[in-house]
2 protein chains.
Amino acid sequence: MAKYQKIYHELSTRIKNGEIRSHTYLPSENELMKQYGVSRDTVRKALDLLLNYGYIQKNKGKGSLVLDLNRISFPISGITSFSEMVKTMHGEIKTIVHVFYEQEADEELKQQLHMEKGKVYHIERIRSIDDEKVILDIDYLNGEVIKGLTLEHAQNSLYKYIENELGLKISFARKEITVEKASKEEMELLDMAGYDLLVCVKSYTYLEDATLFQYTISKHRPDKFRFVDFARRMEL
Amino acid sequence: MAKYQKIYHELSTRIKNGEIRSHTYLPSENELMKQYGVSRDTVRKALDLLLNYGYIQKNKGKGSLVLDLNRISFPISGITSFSEMVKTMHGEIKTIVHVFYEQEADEELKQQLHMEKGKVYHIERIRSIDDEKVILDIDYLNGEVIKGLTLEHAQNSLYKYIENELGLKISFARKEITVEKASKEEMELLDMAGYDLLVCVKSYTYLEDATLFQYTISKHRPDKFRFVDFARRMEL
DNA sequence: GAGTGGTCTAGACCACCGC
DNA sequence: CGGTGGTCTAGACCACTCA
């Protein structure tokens with residue numbers, strides 16, 4: 001790990017622990033240079049990470065103010081996958097793999113996954129929290145990029161397989177959140193508790209070399225959906 | 001404006017225009033140094049902005065790949081306010097100021113706005129698109145920070161007043177998206193078209209010096225809600 | 001091996017803040 | 001005024017990609 005990442009890591013965990021308290025100022029960049037024995041640019045890169053992830057706010061002439069993380073609970077960034085989401089939740093989680101097969105990409109999938117031809121994995125999983133079936137995840141994965149997927153992997157975590165076993169790096173995602181009427185099938189698959197709408201999170205996930213490898217639609221029962229975001233004001 | 005911001009601005013607009021096409025590589029950092037007559041660090045800062053806002057993807061040993069912006073439509077970042085949202089929409093927009101008064105902060109508001117005592121503006125606005133009342137915005141503003149608000153300002157844009165007339169700078173926001181049952185009052189205020197749920201976007205907005213000045217609940221009719229996000233994978 | 005981006009350094013000047 | 005963060009420079013070494 002690079003120096004500036006180590007410094008970011010140390011400072012962020014100390015802020016999370018409460019060892020560095022919110023509403024106080026971090027040591028100045030000059031001071032941090034001395035403490036860590038690095039150049040100012042290295043310190044600044046670490047602070048840039050803290051800034052981007054909402055840990056601090058920098059003020060000219062004053063210093064780096066530590067923000068109050070508990071005002072809205074973590075995580076700062078949006079949901080990336082079910083397994084990341086459940087970390088922040090309580091309750092017993094189960095996954096039922098409802099659909100799992102490999103198919104030739106049809107016209108719509110070719111367009112969604114931006115591929116010419118080839119195989120696509122189609123996976124549907126029902127997620128239950130405390131024995132209530134409240135989330136339906138529908139995944140389409142480019143079979144030319146992700147190879148050797150099994151039902152086992154779908155039962156556990158797709159991301160773990162992709163990152164750890166295939167050694168691919170997930171880089172970025174584009175997400176869209178809308179609310180849609182549940183279909184009859186969906187009403188039967190999930191425990192709808194009287195609701196007839198589902199919150200749909202559509203996401204397109206890309207690898208480090210910018211190849212799109214996954215298109216996911218994650219449908220949540222409205223009362224079990226929550227999305228938290230931290231955003232700095234767009235410049236320009 | 002700083003040099004690196006100018007370079008960012010030029011490159012980003014050229015990407016948006018299509019003058020620089022997606023799926024091509026930008027000139028190398030070395031090349032950009034020469035073209036703009038700046039140091040490598042300055043070029044890199046400009047590229048960092050492009051990276052953060054989802055314009056490019058950098059690959060070691062290869063270069064900076066221009067991403068396809070139209071895959072999911074803009075804006076890249078989330079909603080910050082109604083007036084920013086409508087820029088990306090079609091249809092005729094109207095605002096009705098439904099509630100506007102100044103009140104002494106009660107216990108709940110003191111906690112939400114993180115203030116000891118003082119006045120709070122309470123504003124409720126109904127937003128209509130093509131004469132359908134589909135959004136209810138409820139704003140609470142710290143009256144000790146934001147002074148001299150009038151009904152006029154509420155009718156137009158609060159942010160314009162705060163940034164242009166008061167000269168304050170809005171810095172960052174924390175947002176939470178959930179779905180809740182509409183109350184009887186809300187059902188009457190809005191054209192619900194048979195829906196009984198509302199998508200609630202709660203946001204806490206901060207100034208540059210990290211003072212919280214606004215707490216907003218924006219309630220959207222489910223079919224009129226859409227949120228787009230671009231996220232890089234969290235490191236560490 | 002030449003070119004790319006990733007990291008790190010040392011030094012400089014500026015605008016802003018608070019005393 | 002001294003200290004803070006914001007910007008910019010010039011130079012260095014590394015790991016990676018591609019021919």
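Every chain is numbered from 1 and lettered A, B, ... according to where its sequence line falls, protein lines coming before strand lines.
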Does B/Arg14 come within less than 4.0 Å of B/Glu10, counting only side-chain N to carboxylate O?
yes
Assess the pair A/Phe213 and A/Tyr206: is the distance between their ring centroids shorter than 6.0 Å?
no
Quick test: give all pairs of protein nitrogen or oxygen and nucleotides 17-19 of chain C nitrogen or oxygen below 3.5 Å, distance rounded to 0.1 Å.
none

Lys/Arg-Asp/Glu bridge criterion (N-O < 4.0 Å) met for A/Glu163, A/Lys169
no
Determine whether the side chains of B/Gln155 and B/His153 contain a donor N or O and an acceptor N or O closer than 3.5 Å.
no
Within 6.0 Å of CD in A/Glu165, more than 12 heavy atoms from elsewhere:
yes
Gap between atoms CG and C1', on B/Leu47 and C/dT4 respectively (whole Å):
12 Å
If I take atom CG in residue B/Asp41 and atom P in nucleotide C/dG5, what distance separates them, rounded to the nearest angstrom?
14 Å
A/Phe227 vs B/Phe227, test: ring pair (Phe, Tyr, Trp, His ring centres under 6.0 Å). Steps then yes/no.
CA-CA 11 Å; A/Phe227 180 89; B/Phe227 180 88; 5.4 Å; yes
Outermost nucleotides of DNA chain D that come under 4.0 Å of a non-hydrogen atom of chain A
D/dG3 to D/dT7
Run the numbers on B/Leu67 and B/Tyr55 for side-chain contact (heavy atoms from CB on, under 4.5 Å), then give the verdict.
CA-CA 6 Å; B/Leu67 297 177; B/Tyr55 287 97; over 6 Å; no
Between B/Glu208 (CD) and C/dA15 (C1'), how many Å, whole number?
13 Å
